[in-house]
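Right, one structure below, let's go through it.
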Amino acid sequence: MGRTGGSFHEMWRELLPIGRHPASGGYRRYAWTGADAECRAWFKEQAEGRGLTYEVDRNGNQWAWLGDPAAGDAVVTGSHLDSVPDGGAFDGPLGVVSSFAALDELRARQVTFTRPLALVNFGDEEGARFGLACVGSRLTAGQLTVEQAHRLTDGDGVSLPQAVAAAGYDPDRIGADPERLARIGAFVELHVEQGRALDLSGDRVGIASAIWPHGRWRFDFRGEANHAGTTRLVDRRDPMLSYAETVLAARREARLAGAVATFGKITVEPNGVNAIPSLVRGWLDSRAADQASLDLVVNGVEKAAREYAAAHGVDLDVVRESFTPVVEFDHALRDELSRILGKDKEAELKVPVLGTGAGHDAGILSGSIPTAMLFVRNPTGVSHSPAEFAAEDDCVAGVLALADVLEGLACR
Ligand code: HGY
Ligand code: MN
Ligand code: MN
Ligand code: MN
């Protein structure tokens with residue numbers, strides 16, 4: 001019985017069109033928007049269609065329970081359904097769909113569950129709308145206070161509480177949820193690999209070892225708005241120049257430190273073709289295999305930015321908007337996954353263990369409960385792009401691996 005992962009394909013086809021932009025082919029599933037609501041409705045339908053106990057927690061995360069949630073020591077699996085602007089189809093949804101398909105697989109194997117099992121969709125993991133990643137899991141883990149959450153606003157000035165209320169949820173409920181976390185014994189998140197390690201090693205599935213330390217810093221370059229056609233170059237205080245030089249400095253510092261640094265988002269005021277900007281606001285995303293390297297990059301970029309700003313008579317404010325320290329996934333749980341998945345392989349064919357520069361809800365929760373991650377091969381490594389891809393048989397391999405892991409952890 002079992003070992004087909006067959007329900008994956010049907011669920012995938014149902015979810016695929018939701019929030020997909022017709023022109024770019026990318027996904028625009030932003031927290032608390034219509035596309036998010038459609039994804040949530042899909043999750044609820046999958047849960048109730050399987051006779052699971054469906055609930056939405058105080059932070060808007062969706063849970064589907066098999067067994068008694070109050071019994072404790074639950075095994076939880078899942079991921080997120082929201083996306084970055086024009087993101088790919090797999091980042092997040094692969095983990096959620098695979099969770100349901102893995103449960104179907106376990107039911108086909110007629111296993112007996114010895115622990116409660118829950119499937120979860122964590123809200124607002126990408127932070128595309130309010131600028132902070134992993135809001136649903138950070139709130140639940142108490143890593144984001146209610147006050148901080150209430151101060152989050154989107155590009156239209158809509159606050160997070162306003163968006164939550166507009167989506168029909170109660171913003172006054174949001175906050176830490178230690179009781180919920182205390183009932184969880186292990187969280188395993190399956191995710192498309194956002195890199196090429198598995199492609200290079202020739203493996204379909206891998207196990208995460210760690211998440212690199214990473215963060216987001218906002219650089220506000222303030223100059224002087226003026227006429228683009230009549231202002232002499234020597235009379236300008238143009239923040240765009242300082243910003244441009246800082247972007248190049250980020251690439252230089254990252255290369256020197258063996259890290260990564262990206263200025264992927266910028267806002268310009270007044271944003272007129274014929275107006276020298278008064279304000280250029282750029283966001284730096286930087287990540288490195290260790291804290292010292294990350295510090296080297298960020299400090300180097302900030303130092304260079306201040307020099308460039310001074311040279312152009314421009315003021316600079318740098319604000320650290322978010323930071324996630326290195327996450328070493330729980331060694332015991334990670335080794336348990338290796339044992340479970342490696343059982344059919346000779347020693348040299350063990351499932352690979354690999355680090356990642358991408359942040360995940362499993363990383364946020366690792367400070368509160370034992371967490372682990374499974375990665376599914378992504379042949380090009382491309383992610384956060386419509387080109388993101390995972391082959392069908394690799395996705396099914398991921399479902400079967402997740403089913404094996406859940407069976408090993410929660411069944412007999
Ligand atoms: O940004 C990240 O690493 C994650 O995809 N939210
Ligand atoms: Mn992502
Ligand atoms: Mn993700
Ligand atoms: Mn993630």
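All values below come from the heavy atoms of this structure, side chains included, with hydrogens, waters and symmetry mates left out. Values in this document were obtained by computation on a predicted structure and should not be read as measured data. By convention here, the first residue in the shown sequence is residue 1.
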Worksheet entry | NZ/NE/NH1/NH2 to OD/OE distance under 4.0 Å, Glu321 and Arg216 | no
Worksheet entry | Set of residues satisfying ring pair (Phe, Tyr, Trp, His ring centres under 6.0 Å) with respect to Phe122, sequence neighbours excluded | Trp63, Phe187
Worksheet item: Yes or no on salt bridge (charged side-chain N to carboxylate O under 4.0 Å, His left out) for Arg183 and Asp73, after CA distance, side-chain angles and deciding distance?
Response: CA-CA 5 Å; Arg183 298 199 306 257; Asp73 199 27; over 6 Å; no
Fill in: Qualifying residues under salt bridge (Lys or Arg N to Asp or Glu O under 4.0 Å), relative to Arg287, sequence neighbours excluded
Asp285
Discussion item. Less than 6.0 angstrom separating the ring centers of Trp12 and Phe100, yes or no?
Written reply: no
Worksheet item: Less than 4.0 Å between a side-chain N and a carboxylate O, is that true for Arg151 and Glu147?
Response: no
Worksheet item: Should the pair Arg180-Glu55 be classified as a salt bridge under the 4.0 Å nitrogen-to-oxygen rule?
Response: yes
Worksheet item: What do you reckon, is CZ of Arg251 surrounded by more than 12 foreign heavy atoms closer than 6.0 Å?
Response: no
Worksheet item: Strictly under 6.0 Å, is that where the ring centroids of Phe221 and Tyr308 end up?
Response: no
Discussion item. Less than 4.0 angstrom from a charged side-chain N to a carboxylate O is my criterion; do Arg339 and Glu336 meet it?
Written reply: yes
Return all side-chain donor-acceptor pairs below 3.5 angstrom for residues 152-167, not counting sequence neighbours, or 'none' if the list is empty.
unit_1, atom_1, unit_2, atom_2, d
Asp154, OD1, Asp156, N, 2.8
Asp154, OD1, Gly157, N, 3.0
Asp154, OD1, Val158, N, 2.8
Asp154, OD2, Arg129, NE, 3.0
Asp154, OD2, Arg129, NH2, 3.1
Ser159, OG, Gln162, N, 3.1
Ser159, OG, Gln162, OE1, 3.3
Gln162, OE1, Ser159, N, 2.7

Worksheet item: Going by the angle between their ring planes, with limits at 30° and 60°, are Phe389 and Phe90 parallel, tilted or perpendicular?
Response: perpendicular
